[in-house]
Every structure is written in C-alpha cells, then in structure tokens.
Amino acid sequence: MKKISLIVLGLILIALGLLAYAFRPTPAPTNTIAEKTETVSGEKTIISEKSKARFEIYEVLRGSPFTVVGSTTNVSGKITFTPEGPKVSEIKINARALKTESEGRDRAINRFILKTDDVANEFIVFTPETVTGLPAEPKALESYTFTVKGNLKIAGVTKKVIFDTQARQTEDGSIVGSAKTTIKYKDFGLTIPEVSFVAEVADEVNLYFDFVAN
C-alpha cells in the first residue's frame with residue numbers, strides 16, 4: 001500500500017512539473033530594430049512600428065469554423081534601389097513576439113510549435129534572392145505588383161517561397177506595401193498539438209507582411 005502511494009505521489013509530482021513547464025512564461029523577445037547606421041543612397045529602412053507581419057490559419061474550434069490570426073510589429077529589413085534594380089535585405093520577424101487573441105494559444109505557438117525557447121528559433125527569417133516586376137526607380141503615387149522569391153526559415157527549417165507583393169512610393173518618398181504567401185506548416189517540420197476542443201486544422205497557413213519603409 002505504501003509503495004502504491006509513493007507511485008501515485010510520484011505521478012502527481014511529474015504531472016505538476018509538466019504543467020509548470022507548459023505554463024511558465026516564454027522568453028522575452030529580442031527587438032529586431034538594428035542600431036542606426038549611415039544610410040546609403042537609395043536605401044529605405046522598414047519602420048517597425050508602422051509595419052506588421054501576421055499569419056492566418058483555419059481551424060474548427062469547439063464545433064465552429066475559426067480563423068486564428070497572429071501578428072507582430074517586431075520586424076526589420078531594408079529595401080534599396082540601385083541602378084541594377086531593387087534589392088530587398090534579409091527580413092526578420094520575431095516569432096516570440098507573435099500574439100493571437102489567446103495567451104494560452106500564444107504559449108503553445110511559442111513553446112510547442114515554433115520552439116522559440118531555443119534562441120536559434122527566435123526569428124523567422126526571409127532571405128530574398130530575386131525581385132521581379134519592380135522598376136529600379138518607382139514613380140511616386142503609382143502602384144506596382146511584383147514578386148519576391150527567396151528562402152524562408154522557420155524553426156530551423158528553410159524552404160523556398162514566393163511572396164506576391166504590391167507597393168507604391170508616396171509623395172514623401174516612403175514605400176508602402178503588402179506581401180503574401182501560402183505555406184504548408186508540415187513542410188517546415190512544424191506540428192500542432194492535438195487538443196479535444198479543436199476538431200480540424202488546415203494544412204496551409206497564409207503569411208502576410210504589411211510594411212512601410214523610409
């Protein structure tokens with residue numbers, strides 16, 4: 001009887017330990033905004049507080065269709081216009097800073113899906129390779145539709161993606177635009193924990209990036 005009680009006590013302690021692990025605070029996000037450096041000709045820096053990265057994924061939550069939306073303004077990158085054509089720098093999005101409407105979901109996304117406890121997974125990084133369809137010197141107030149092809153790294157896995165992008169240059173010289181791509185989260189080795197109140201989760205995730213650069 002005493003042995004059984006000790007086993008039960010051990011199981012309770014293990015369960016409490018797992019709960020404590022699951023609900024402990026996630027690491028604070030590092031700010032992506034780089035220190036100011038001398039601006040080169042034609043270079044425009046993405047303004048974090050005016051830009052936003054977000055994801056959308058469909059699920060059936062407690063018997064009803066629901067679209068999970070997570071977003072953050074903790075982003076960074078640069079756009080440079082050169083005589084050879086426009087170039088986009090590495091775009092960094094802090095995965096730890098992604099927020100949805102639920103703190104519990106945020107913890108699950110950070111800890112179990114994106115695994116951001118590992119510092120190597122803190123940032124989602126898009127490294128552009130080619131920009132197609134955008135002129136070297138966009139005209140003010142004109143909108144342009146173009147594509148940006150490159151490598152997207154999420155939780156240590158890198159895949160090629162293409163962002164469909166729209167942008168325009170405002171009268172003050174700022175670049176305002178938005179980009180979208182669709183990925184399959186399983187392609188990046190991501191798994192979504194199974195919970196009883198979520199009956200279905202779509203395979204695809206829509207990724208959006210709304211930006212202002214100056």
Side-chain angles (χ1 to χ4, degrees), residues 30 32-57 70-95 97-98 114 120-190 202-214:
T30 303
T32 57
I33 301 174
E35 293 183 3
K36 290 185 177 180
T37 57
E38 185 177 349
T39 303
V40 301
S41 177
E43 181 181 88
K44 298 182 184 294
T45 300
I46 290 173
I47 303 171
S48 179
E49 61 268 23
K50 293 183 179 181
S51 304
K52 181 181 290 187
R54 72 183 193 277
F55 71 85
E56 294 183 0
I57 183 169
S71 64
T72 178
T73 60
N74 196 329
V75 298
S76 67
K78 293 182 179 181
I79 302 170
T80 305
F81 294 94
T82 71
E84 294 76 30
K87 298 179 180 178
V88 182
S89 76
E90 179 180 87
I91 304 295
K92 296 178 71 175
I93 301 164
N94 196 304
L98 287 167
L114 298 179
N121 297 333
E122 180 177 0
F123 294 101
I124 295 169
V125 181
F126 177 61
T127 306
E129 292 181 328
T130 58
V131 179
T132 305
L134 183 64
E137 297 182 3
K139 297 179 180 179
L141 306 181
E142 287 194 17
S143 295
Y144 296 90
T145 299
F146 55 100
T147 59
V148 183
K149 181 180 180 180
N151 296 306
L152 181 65
K153 182 180 179 181
I154 304 176
V157 177
T158 302
K159 296 289 182 180
K160 289 192 179 297
V161 300
I162 297 176
F163 277 92
D164 295 318
T165 310
Q166 290 186 329
R168 64 184 177 86
Q169 183 170 320
T170 63
E171 290 181 329
D172 67 358
S174 298
I175 300 296
V176 179
S178 61
K180 176 189 176 183
T181 192
T182 300
I183 65 169
K184 291 185 176 182
Y185 64 85
K186 291 180 181 178
D187 288 346
F188 289 84
L190 305 178
D203 293 330
E204 295 184 333
V205 185
N206 291 324
L207 306 179
Y208 302 89
F209 185 44
D210 303 315
F211 59 90
V212 176
N214 204 345

Could you tell me the separation between the [atom1] atom of [X] and the [atom2] atom of [Y], rounded to the nearest 0.5 Å?
X: K153; Y: E90; atom1: NZ; atom2: CD; answer: 9.0 Å
X: T181; Y: D164; atom1: OG1; atom2: CG; answer: 7.0 Å
X: I93; Y: N74; atom1: CD1; atom2: CG; answer: 10.0 Å
X: E56; Y: Y208; atom1: CD; atom2: OH; answer: 4.5 Å
X: N206; Y: T182; atom1: CG; atom2: OG1; answer: 4.0 Å
X: Q169; Y: E142; atom1: CD; atom2: CD; answer: 10.5 Å

Could you tell me if the side chain of [Y] sits less than 4.5 Å from the side chain of [X], heavy atoms only?
X: F81; Y: L134; answer: yes
X: K186; Y: D203; answer: yes
X: E129; Y: T127; answer: no
X: V205; Y: L190; answer: no
X: N121; Y: L114; answer: no
X: I91; Y: V75; answer: no
X: I162; Y: K149; answer: yes
X: L207; Y: V161; answer: no

Between [X] and [Y], which heavy-atom pair has the shortest distance, and what is it?
X: N94; Y: T72; value: O-CG2, 4.0 Å
X: V157; Y: D187; value: CG1-O, 3.9 Å
X: F146; Y: G133; value: CB-C, 3.6 Å
X: I79; Y: A213; value: CD1-CB, 4.2 Å
X: Y144; Y: K139; value: OH-N, 3.0 Å
X: T170; Y: A140; value: O-CB, 4.1 Å

Handout entry: ring-ring contact (aromatic ring centres under 6.0 Å, His included) partners of F209, counting only residues at least two apart
Key = F211
Practice task
Apply ring-ring contact (aromatic ring centres under 6.0 Å, His included) to F163 and list each qualifying residue two or more places apart in sequence or on a separate chain.
Solution key: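 For F163, the residues satisfying ring-ring contact (aromatic ring centres under 6.0 Å, His included) (neighbours in sequence not counted) are F126.
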Excluding sequence neighbours, so at least two apart, what forms side chain to side chain contact (heavy atoms under 4.5 Å, CB included) with [X]?
X: T145; value: Q166
X: K50; value: I47, V212
X: S89; value: K78
X: S71; value: K52, R54

Exercise for the section: May I ask you to decide if T73's main-chain N or O and S48's side chain share a donor-acceptor pair within less than 3.5 Å? Expected result: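 Side chain of S48 to backbone of T73, a donor-acceptor pair under 3.5 Å: yes, one is there.
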Exercise for the section: Check the pair K160 / N151 against side chain to side chain donor-acceptor pair (under 3.5 Å), numbers first and verdict last. Expected result: CA-CA 4 Å; K160 289 192 179 297; N151 296 306; 3.2 Å; yes
Exercise for the section: Step through the shown structure and confirm whether more than 12 heavy atoms of other residues, nucleotides or ligands are within 6.0 Å of CD on E171. Expected result: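 No, CD of E171 has 12 or fewer neighbouring heavy atoms, counting only those of other groups under 6.0 Å.
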